[in-house]
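First comes the structure, then the notes that go with it.
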Amino acid sequence: MSTITLHRDVTERTERVQERIRKACARTGRDPASVTLVAVTKGQSAEVIQAGYEAGLRHFGENRVQEALPKIEEASNKGVEATWHLIGHLQSNKTKAAASAFDVIHSIDSTRLMYRLDTAAPTSRDVLLQINVAGEAQKGGISVNEVSPLIAAAHETPNLRLRGLMTIAPIASDPEQVRPIFRALRLLATQFSFPELSMGMTNDFEVAIEEGATLVRVGRALFGERTL
Ligand SMILES: *Cc1c(COP(=O)(O)O)cnc(C)c1O
């Protein structure tokens, strides 16, 4: 794709996604400013990130530290000044790299990881606990009963600001099927007075917004199929 075509394509897709976010907010009386669009650029080049930035996107999400580091560097060199979100599983041997490159980490799933990240973080970092609401065996995240010990650990990790919860809904043919998952996450966040809820992807972000998402993680609707 030529640079001009790429930029036009990403701009149009971004506008369409933003319009869908506004409509989902309108349906439930929410202020669109309460929803942050995290543009997921895993499997996409730094050029695509730059096109997204020029289309107005300011939050980007990557799911692998190794893949993200050179792309974040390249994008910064192209003038991209963004907030970077780590949305994939974080291995404990990558905490130092993750803590320096990412501003927000959505995938906290153990106290051990919290302690390591707290030590590695150069300044304070926003973190979210990844919850496996549906209890799917193959999926990362903690169960609902494991939330309390992690909240307790947050009192001993001064560099981490525990801001909320994140989930990845099961794959469903109809997004209505995962509404109960999003609702369960919202109730859990309310119970612990967390302000942030990271939920909703290309297939289900509108339902997630109706259920209270404050961070939606959208890849394919913005950038098409992944190319790397
Ligand atoms: C890939 C990914 C997304 C984005 O998925 P799309 O279907 O491309 O919108 C969101 N969240 C996580 C954790 C992902 O790994």
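Atom set for the values below is all heavy atoms of this structure, side chains included, hydrogens, waters and symmetry mates excluded. Along the sequence shown, the residues carry numbers beginning at 1. As the structure lists them, so they are numbered: ligands from 1, and atoms in each ligand from 1.
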Open item on the list: Applying salt bridge (charged side-chain N to carboxylate O under 4.0 Å, His left out) as the test, list every pair that has at least one member in residues 114-132; sequence neighbours left out.
Closed with: Asp126-Arg161
Any protein N or O within less than 3.5 Å of an N or O in ligand 1? List each pair with its distance, or say none.
unit_1   : atom_1 : unit_2 : atom_2 : d
ligand 1 : 7 (O)  : Arg220 : NE     : 3.1
ligand 1 : 7 (O)  : Arg220 : NH2    : 2.8
ligand 1 : 8 (O)  : Arg220 : N      : 2.8
ligand 1 : 8 (O)  : Arg220 : NE     : 3.3
ligand 1 : 8 (O)  : Arg226 : NH1    : 2.9
ligand 1 : 8 (O)  : Arg226 : NH2    : 3.2
ligand 1 : 9 (O)  : Thr202 : N      : 2.9
ligand 1 : 9 (O)  : Thr202 : OG1    : 2.5
ligand 1 : 9 (O)  : Gly219 : N      : 2.8
ligand 1 : 11 (N) : Arg217 : NE     : 2.9
ligand 1 : 15 (O) : Lys42  : NZ     : 2.7

TODO: Measure across Arg217 and Met166 and return the closest heavy-atom pair with its distance rounded to 0.1 Å.
DONE: NH1-CG, 3.4 Å
TODO: Could you tell me whether the side chains of Ser76 and Glu81 share a donor-acceptor contact shorter than 3.5 Å?
DONE: no
Open item on the list: Going by the rule side chain to side chain donor-acceptor pair (under 3.5 Å), which residues pair with Arg8 if we only count those two or more places apart in sequence or in a different chain?
Closed with: none
TODO: If the plane angle is over 60° it's perpendicular, under 30° parallel, otherwise tilted; pick one for His85 and His106.
DONE: perpendicular
TODO: Taking side chain to side chain donor-acceptor pair (under 3.5 Å) as the test, write out the residues that go with Arg183, two or more places apart.
DONE: Glu211
